[in-house]
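Written out below as structure tokens is the structure these notes cover.
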Amino acid sequence: MQPRLAAFLDRAKPWGWAGLFVTAYVMLSLISDLDSHTHRFITPWNPAPALGILFLLRNGKGGAATLWLALIASDLAAHDPPFSVIAILDGGLALGYFFIALILNKNVSKSGMLLDRANLMRWGIVIMVGTLLNRMAFIAGLIFAALLPLADWRDALLRVWIGDGVGIFVTLPLLWWLQDAKRRFAFQSTILNWETTGYITLTMLSLWFAFVPGASAHFRYFYVLFLPLVWAASRQGLAGAIFCASLLHLGMLFAGWLWEAQNISIFELQMRAMLLAIVGFLIGVAVDDQRRAVADLRHTLRLAAAGEMAAALAHELNQPLTALSAYGAACERIMTRDGGSPQLRDVIRRMVNEAGRAAEVVRRLRDFFRTGSTRLERVCLGDLLESTLATFHEKASAIGIALTVATIPDIHISADRLQIEVVLRNLVSNAFDAVSHLSGERKIVVSTERISSDRICVSVEDNGAGLAATVADNAFEPFISTKSSGLGLGLAISRAIAEAHGGSLTIAAIDHGCFKLTLPAESGVKNS
């Protein structure tokens, strides 16, 4: 019965989320129906489409039908329109929002909706032009259905377009930050502090000053609303700008309704709210850009320090390794001359080979950090993984860890074999450390997949606890380690090697261990 119940709940979950979305959309539409136009369906403040676009961004084309139902339900709840007419008009609206979401999905960075100034400009243009075209079609439909006089089309279009555009422009960034666990954590860690309390208080005072004394002065004191926004954006970056802009937007609309500001229209409030949001977002993006530049510089300096340390270690280790190799070779010659067991000869041969390999790795890493050089060669990925994991298989069997290597596709890469071996050994070694303390099942899985015609991804995944979100963000910083005996150089060096090969090294999960090494691969499904 339990498996059946679990299967039923899995099938019902999408329907539950769809129902929750429709309910939230209808409630938000009803709440935002302020200062309605003389004609139905024309509302000057419309943040609900932001929720709809977010739903489409998360669910793709499968969410368009649900959004259509939400639009129909919100119109029926607020306006009691002719069902057949509004179903067609709302179908067109849903299709328009779907295309807006599609363009956003293709042209806006997945790392953030307002990642930089160019991203902000593209995002704003898509929102404002998209909502204009969408609402033009909607207004034309209202006129054709005799629900709106032709003479009122300009005023109606302006009000409903600004309502949609500003509602999405101000609300969507906040929803975008809150919809994802990692972004939500970053947002909360930024906002939840005493300084936020200060600019919230200043926001309330600024709203009172703008709408009470400012009303008698024809609202000439609106400039005071920039004070909390500039404070939030300059101190907390984009997260503070998004939060404060949303707070100001809601506050301005509520204040205009509460004090019945007859000398200023909702349209004027919307335009001023949009101006505030643009200024706040620009400051927030600039602050985040500056912080990223500082972080990149700090990372570069730390990596340079790591390189100096690696070069120094390479210099110090080179002579002992060379001596070890020479002593091993001498032992081989003595064994050949005086005789000895084949097993002992095999052990000495392995010692010499490993000493030579270690010396070569040290020299190659020293050259990499000094000049960034790599000695590229055509390498079979299967052979590379097999040689790298050979010693780990013996170790896994000895300590009871299930080390599994998934089927490796017949792919060749252009890489510095020794350097990529260093990266893979480091990732697998970290996975061993992550599961070594577990009392139950301990698993490590190494898998590969072709993610495009010329890219290959090698994943090293374990069932350990993974890295906490706060640690994961700094995992690749030099001299930062979760191990008491670690120097914090392994992942920093590994990422530098991956990027020098035109690839990347990322953390794919935070609830368990999973690192993904992406490298360029030869095109084609198979290589001869």
Side-chain angles (χ1 to χ4, degrees), residues 24 27-28 31-32 34 44-48 50-51 54 112-114 120 166-215 217 219-261 264 266 268-291 469-470:
M27 294 300 297
L28 190 57
I31 293 172
S32 63
L34 299 174
W45 179 51
N46 198 13
L51 183 63
L54 179 66
M113 193 164 283
L114 304 176
L120 171 62
V166 178
I168 296 173
F169 189 86
V170 177
T171 310
L172 185 56
L174 179 64
L175 296 177
W176 176 262
W177 277 65
L178 296 178
Q179 56 89 29
D180 179 77
K182 188 174 182 180
R183 293 186 182 93
R184 184 166 59 249
F185 177 82
F187 187 74
Q188 290 174 347
S189 62
T190 301
I191 297 302
L192 297 181
N193 57 59
W194 288 107
E195 188 171 12
T196 303
T197 305
Y199 71 69
I200 289 176
T201 303
L202 181 59
T203 298
M204 299 298 105
L205 291 174
S206 299
L207 286 168
W208 175 85
F209 191 76
F211 280 88
V212 178
F219 299 96
R220 287 182 296 182
Y221 301 150
F222 262 100
Y223 58 84
V224 299
L225 297 178
F226 284 98
L227 294 177
L229 185 65
V230 172
W231 179 3
S234 61
R235 293 288 297 170
Q236 297 178 345
L238 185 58
I242 289 172
F243 179 76
C244 193
S246 302
L247 187 65
L248 280 169
H249 191 201
L250 290 172
M252 289 169 65
L253 290 166
F254 180 75
W257 169 78
L258 182 64
W259 284 296
E260 298 180 354
I264 184 169
I266 293 293
E268 291 178 279
L269 290 177
Q270 287 291 82
M271 294 305 296
R272 297 184 187 197
M274 187 172 183
L275 177 62
L276 286 168
I278 291 173
V279 171
F281 292 168
L282 284 172
I283 296 175
V285 166
V287 170
D288 284 354
D289 278 343
Q290 186 266 343
R291 289 176 178 173
T470 51

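Scope of the values below: all heavy atoms of this structure, side chains included, with no hydrogens, waters or symmetry mates.
- From Leu178, atom CG reaches atom CG of Leu54 across 9.5 Å, with rounding to the nearest 0.5 Å.
- Between the OG1 atom in Thr197 and the CG atom in Leu192 there is a gap of 9.0 Å [rounded to 0.5 Å].
- For Ser246, the side-chain hydrogen bond (donor to acceptor under 3.5 Å, both in side chains) criterion is met by no residue, not counting sequence neighbours.
- Val170 has its side chain out of reach of Pro47: every pair of non-hydrogen atoms, C-beta onward, lies at least 4.5 Å apart.
- When all heavy atoms of Ala233 and Gly280 are compared, the closest pair comes out as CB-O, 3.7 Å.
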Output, in order, the C-alpha distance, side-chain angles, deciding distance and verdict of side-chain contact (heavy atoms from CB on, under 4.5 Å) for Tyr199 and Leu227.
CA-CA 9 Å; Tyr199 71 69; Leu227 294 177; over 6 Å; no

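- A distance-only check finds a donor-acceptor pair linking the side chain of Ser234 to the backbone of Trp231 [under 3.5 Å].
- Counting non-hydrogen atoms of other residues, nucleotides and ligands closer than 6.0 Å to CE of Met27 gives a total of 12 or fewer.
- Residues Leu248 and Leu225 approach most closely at CD1-O, 3.6 Å, considering heavy atoms.
- Of all heavy-atom pairs between Arg235 and Glu195, the closest is NE-OE2, 2.6 Å.
- Residue Gly251 comes nearest to Leu207 through the heavy atom pair CA-CD1, 3.7 Å, listed as atom of the first residue, atom of the second, then distance.
- One distance of note links CD1 of Ile200 with CG of Leu205; it measures 12.0 Å at 0.5 Å rounding.
- Residues satisfying the ring pair (Phe, Tyr, Trp, His ring centres under 6.0 Å) test with Phe243, not counting sequence neighbours, are none.
- With rounding to the nearest 0.5 Å, the separation of CG in Leu282 from CG in Leu238 is 10.5 Å.
- For the atom pair CG (Leu276) and CZ (Phe281), the distance works out to 10.5 Å, reported to the nearest 0.5 Å.
- Nearest heavy-atom pair, Val287 versus Gly237, reported as atom, atom and distance to 0.1 Å: CG1-CA, 3.9 Å.
- We find the OG1-CD distance between Thr196 and Gln236 to be 4.0 Å, quoted to the nearest 0.5 Å.
- Heavy atoms only, all atoms of each residue included: Thr171 and Ala50 are closest at CB-CB, 3.9 Å.
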